[in-house]
Amino acid sequence: MTLKIQSLREDQIEAAKSVITEVCFEFFGQPPLEFEDMDDIASHYAPPSGVFMVLLEGERVVGTGAIRRIEDETCELKRMWFLPAFRGKGYGTQMLERLIAFARSVGYKRVRLDTSPALEGANRLYHRLGFQMIERYNDGPCAIFMEKQL
C-alpha cells in the first residue's frame, strides 16, 4: 500500500490521537499526559505559524508530526509518533524534513523539541538531522531538550 504525508484533516484527529496513545503506552506504559493541543488543533497548529501532519497508509493514520510557534523566530517540533511497523523505514526522516521545510518557509530561525531517553530511535534521528542538545526550555516532563538552527 502507498504511504503519504499530508496535513491533518478534521476527520483524522481521533485516529491521530489513537496513534499517539498507542505509542505512549508502548514506551511509557500510560497515555499521554494531555491532549489539550489536539482538542484545539487550530489554536496550536494552524498555518501560517504551525502545521500538523500525518503519515497515511491508504486512509489509515500510522504516524504524526507537528510544528507549533513558541515565539516569532522559534517553533517547536511536537507529536512525532509512529506505529512500530512504520519505524526504521525512513518515514520519520521524511516527516521531519517536511516539518523543517515548513518551519523555514514561514521564517522560523530555530526548531526546538523535548524528548525522553526512552525514545532512542527518535533521538538518533534528531541528532542525525542536526539537532543539538540545549538547556531545558519548558517545564514539561521530558528530560532531553534539543534545537536545530535553520
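Here the shortest heavy-atom pairing between Q12 and S7 reads OE1-O, 3.9 Å. Residues V111 and A103 share a closest heavy-atom pair of CG2-CB, 4.0 Å. The minimum heavy-atom distance between P31 and C24, with the atom names listed, is C-CB, 4.2 Å. Heavy atoms only, all atoms of each residue included: I5 and Y91 are closest at CD1-O, 4.4 Å. When every heavy atom of P32 is checked against every heavy atom of R79, the shortest pair comes out as CB-NH1, 4.2 Å. Here the closest non-hydrogen pair linking A16 and F52 is CB-CE2, 4.4 Å.
Contact annotation: the side chain of S49 never approaches that of V106 to less than 4.5 Å [non-hydrogen atoms, C-beta and beyond]. Annotation: side chain of L56 is not in contact with side chain of V62 (no heavy-atom distance under 4.5 Å). The closest side-chain heavy-atom distance from H44 to K78 is not below 4.5 Å. In this structure the side chain of R68 reaches within 4.5 angstrom of the side chain of D37, judged on heavy atoms. With a 4.5 Å cut-off on side-chain heavy atoms, L96 and L77 count as touching. Residues V61 and L55 are not in side-chain contact: their nearest non-hydrogen atoms beyond the backbone lie 4.5 Å or more apart. The side-chain heavy atoms of K89 and F82, taken from C-beta on, include no pair separated by under 4.5 Å. Taking 4.5 Å as the limit, every side-chain heavy atom of E57 sits out of range of all side-chain heavy atoms of K4.
Classified by interplanar angle (parallel below 30°, tilted 30° to 60°, perpendicular above 60°), the ring pair W81/F28 is perpendicular.
For the atom pair CG (N123) and OG (S116), the distance works out to 7.5 Å, reported to the nearest 0.5 Å. In this structure, CG in L119 is found 7.0 Å from OH in Y126, a value given to the nearest 0.5 Å. One finds the CG atom of L125 at 5.5 Å from the CE atom of M80 (value rounded to the nearest 0.5 Å). One distance of note links CD of E26 with CG of L83; it measures 9.0 Å at 0.5 Å rounding. The line from CG of L3 to CD of Q94 is 8.5 Å long, rounded to the nearest 0.5 Å. To the nearest 0.5 Å, atoms CD (E59) and CG (D11) are separated by 8.0 Å.
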Worksheet item: Run the side chain to side chain contact (heavy atoms under 4.5 Å, CB included) check on K17 and D39 step by step: do they pass?
Response: CA-CA 10 Å; K17 285 181 180 180; D39 290 334; 2.5 Å; yes
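Connection of M53 to L129 is established within a shared hydrophobic cluster, with ILVMFWY side chains joined at heavy-atom distances below 4.5 Å, either directly or through further cluster members.
For E36, the salt bridge (charged side-chain N to carboxylate O under 4.0 Å, His left out) criterion is met by no residue, not counting sequence neighbours.
Grouped by direct or indirect side-chain proximity (heavy atoms under 4.5 Å, Ile/Leu/Val/Met/Phe/Trp/Tyr only), Y137 sits with I70, I134, F145.
Between E14 and R9 there is no salt bridge, since none of the side-chain N atoms of the basic residue sits less than 4.0 Å from a carboxylate O of the acidic one. A salt bridge is absent between R136 and D139; no separation between the charged side-chain nitrogens and carboxylate oxygens falls under 4.0 Å.
T21 contributes no side-chain N or O that, together with a main-chain N or O of S18, makes up a donor-acceptor pair within less than 3.5 Å. The main-chain N or O of C75 is never found under 3.5 Å from a side-chain atom of R112 such that the two would form a donor-acceptor pair. Distance alone, capped at 3.5 Å, places no donor-acceptor pair between the T74 side chain and the E71 backbone.
At most 12 heavy atoms of other shown residues, nucleotides or ligands fall within 6.0 angstrom of atom CD in E10.
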